[in-house]
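Input: a single structure, listed below in structure tokens.
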Number of protein chains: 2
Amino acid sequence: MKKPTKTQYEARAEVLKAMAHPSRLLIVDELAKGERCVCELTEMIGADVSTVSKHLSLLKNAGIVMDEKRGTQVFYTLRVPCVVNFFSCVEAVLKERARIYLSAVAG
Amino acid sequence: MKKPTKTQYEARAEVLKAMAHPSRLLIVDELAKGERCVCELTEMIGADVSTVSKHLSLLKNAGIVMDEKRGTQVFYTLRVPCVVNFFSCVEAVLKERARIYLSAVAG
DNA sequence: TTCATTCTTGGCAGTTTAGCCAAATAGCCA
DNA sequence: TGGCTATTTGGCTAAACTGCCAAGAATGAA
């Protein structure tokens, strides 16, 4: 990887943006355990089905998940499981942020 | 890590959202090589200084970078270097996406 | 066919984000 | 102090995002 172009950064940003939403992170986290239908995810998230469906289609367009229709249900799975690894680093950032906050309070 | 709460997913999303922008990805990529002042980053990005400054302050609030003022210049560094590791997985997603696209074209 | 279920799509209102310019702030030097 | 450079902040507009409801499409059962 030499020097990514502007377009490459845009493509990368698109992938990250697809994950940068609480409900979509919950979806990814849940799919890491195995396939789930839209109805199951909808119940977990507690939003309108149409909202969840749009989140899923966004993740699908980003290339992160894939879907498979079986009967009236649609099951989603992670297409690129490595995205789950983001969490540990994100947690590290959050810990760091807590540290900053505490040291600011302590003066 | 048992079962992240809604608030935890929101915090995580905030971190990812901070990275989900082409210019901010470029910044992270560049800071991975070492500290840079605002002026250097501004030249690389090719946007108004004020715009770059806002991107940096966003990354800083997210806990991803930190700044140090020396003279009239402000130098930024990665506070949590592991974010650089996101790229390889993001690239995997992009490759997968290209594969989907090609198979769609091929029929 | 008709009905019920599951999911997707269209459309709308409210909120957030991006990027520019202008103005304010901070540090350095004469 | 005054001027110069580097950076941040405020304000504005345009664009993008979110979530709901309503409507449409697909499947299976009666």
Side-chain angles (χ1 to χ4, degrees), chain A residues 6-7 9-28 30-31 35-77 79 100 104, chain B residues 6-7 9-28 30-31 35-77 79 100 104:
Chain A
K6 185 178 174 185
T7 312
Y9 280 118
E10 283 166 3
R12 290 178 178 184
E14 208 180 321
V15 173
L16 287 177
K17 197 153 62 173
M19 295 196 58
H21 186 284
S23 300
R24 296 198 290 268
L25 284 182
L26 193 154
I27 290 172
V28 168
E30 187 64 18
L31 294 186
E35 68 170 19
R36 295 285 187 275
C37 68
V38 178
C39 49
E40 288 172 304
L41 296 170
T42 297
E43 186 172 356
M44 293 195 62
I45 292 173
D48 195 273
V49 202
S50 67
T51 300
V52 174
S53 178
K54 281 179 182 171
H55 282 310
L56 287 165
S57 115
L58 202 153
L59 285 170
K60 181 181 163 186
N61 287 332
I64 297 171
V65 305
M66 55 197 270
D67 59 344
E68 185 190 331
K69 185 161 195 169
R70 292 209 292 277
T72 62
Q73 293 182 308
V74 178
F75 291 87
Y76 280 84
T77 45
R79 183 189 282 274
I100 299 165
Chain B
K6 185 179 174 184
T7 312
Y9 280 118
E10 283 167 2
R12 290 178 178 183
E14 207 180 323
V15 173
L16 286 177
K17 198 154 60 173
M19 295 196 60
H21 186 284
S23 300
R24 296 198 289 269
L25 283 181
L26 193 154
I27 290 171
V28 167
E30 187 63 18
L31 295 185
E35 67 170 21
R36 296 285 186 277
C37 69
V38 178
C39 49
E40 288 172 303
L41 295 169
T42 298
E43 186 172 356
M44 292 196 62
I45 293 173
D48 195 274
V49 203
S50 66
T51 301
V52 176
S53 178
K54 281 179 184 172
H55 281 310
L56 286 165
S57 118
L58 203 153
L59 284 170
K60 182 180 163 188
N61 287 332
I64 297 170
V65 305
M66 53 195 274
D67 60 342
E68 185 190 332
K69 186 161 197 171
R70 291 206 296 275
T72 60
Q73 293 182 307
V74 177
F75 291 87
Y76 280 84
T77 45
R79 182 189 282 274
I100 300 166

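Proteins come first, then strands; the chains are lettered A, B, ... in the order of their sequence lines, and each starts at number 1.
Annotation: of the two residues near DNA chain D, B:V74 and A:A47, the 5′-most nearest-nucleotide partner is B:V74. In this structure, A:K54 and A:D67 both approach DNA chain C, and ranking their closest nucleotides by distance from the 5' end singles out A:D67.
A sub-4.0 Å separation between OP1 or OP2 of C:dT8 and a side-chain N or O of A:Y76 is present. Between C:dT6 and A:K69, no contact under 4.0 Å exists linking OP1 or OP2 to a side-chain N or O. Put simply, A:T72 has no side-chain N or O that comes within less than 4.0 Å of OP1 or OP2 on C:dT5. OP1 or OP2 of C:dA18 sits under 4.0 Å from a side-chain N or O of B:R24.
Side-chain contact check for A:R79 versus B:I100: some heavy-atom pair is nearer than 4.5 Å. Side-chain contact between A:L25 and A:M19 is present, with at least one heavy-atom pair separated by less than 4.5 Å. When side chains are defined from C-beta on, B:E30 counts as touching B:L41, because their heavy atoms get closer than 4.5 Å. Taking the side chain as every heavy atom from C-beta outward, B:T51 and B:H55 approach each other to under 4.5 Å.
A 6.0 Å sphere centred on CD of A:E10 holds more than 12 heavy atoms belonging to other residues, nucleotides or ligands.
Rounding to whole angstrom units, CG of residue A:L58 and P of C:dT8 are separated by 13 Å. Atom CD in B:E14 sits roughly 12 Å away from atom P in C:dT16 (whole-Å rounding). Rounded to whole Å, the distance from CD1 on B:I45 to C1' on C:dC20 is 15 Å. Here the P atom of nucleotide C:dT17 and the NE2 atom of B:H55 are 12 Å apart, to the nearest Å. The nearest whole Å value for the distance from the CZ atom in A:F75 to the C1' atom in C:dT5 is 13 Å. If you take CG of B:L56 and C1' of C:dA18, they are 15 Å apart, rounded to a whole angstrom. In this structure, A:E10 atom CD and C:dT17 atom C1' are separated by 16 Å, rounded to whole Å.
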Give the intermediate values and the outcome of side-chain contact (heavy atoms from CB on, under 4.5 Å) for residues B:I45 and B:I27.
CA-CA 8 Å; B:I45 293 173; B:I27 290 171; 3.7 Å; yes

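Listed candidates were C:dT9, C:dC7, C:dT5. Nearest to the side chain of A:S50 is C:dT9.
Using a 4.0 Å heavy-atom criterion, one finds that B:K60 contacts no nucleic acid atom at all.
Between B:L56 atom CG and B:I64 atom CD1 the span is 11.5 Å, to the nearest 0.5 Å.
For DNA chain D, the outermost nucleotides in 5' to 3' order that have an atom under 4.0 Å from a heavy atom of chain A are D:dC17 to D:dG28.
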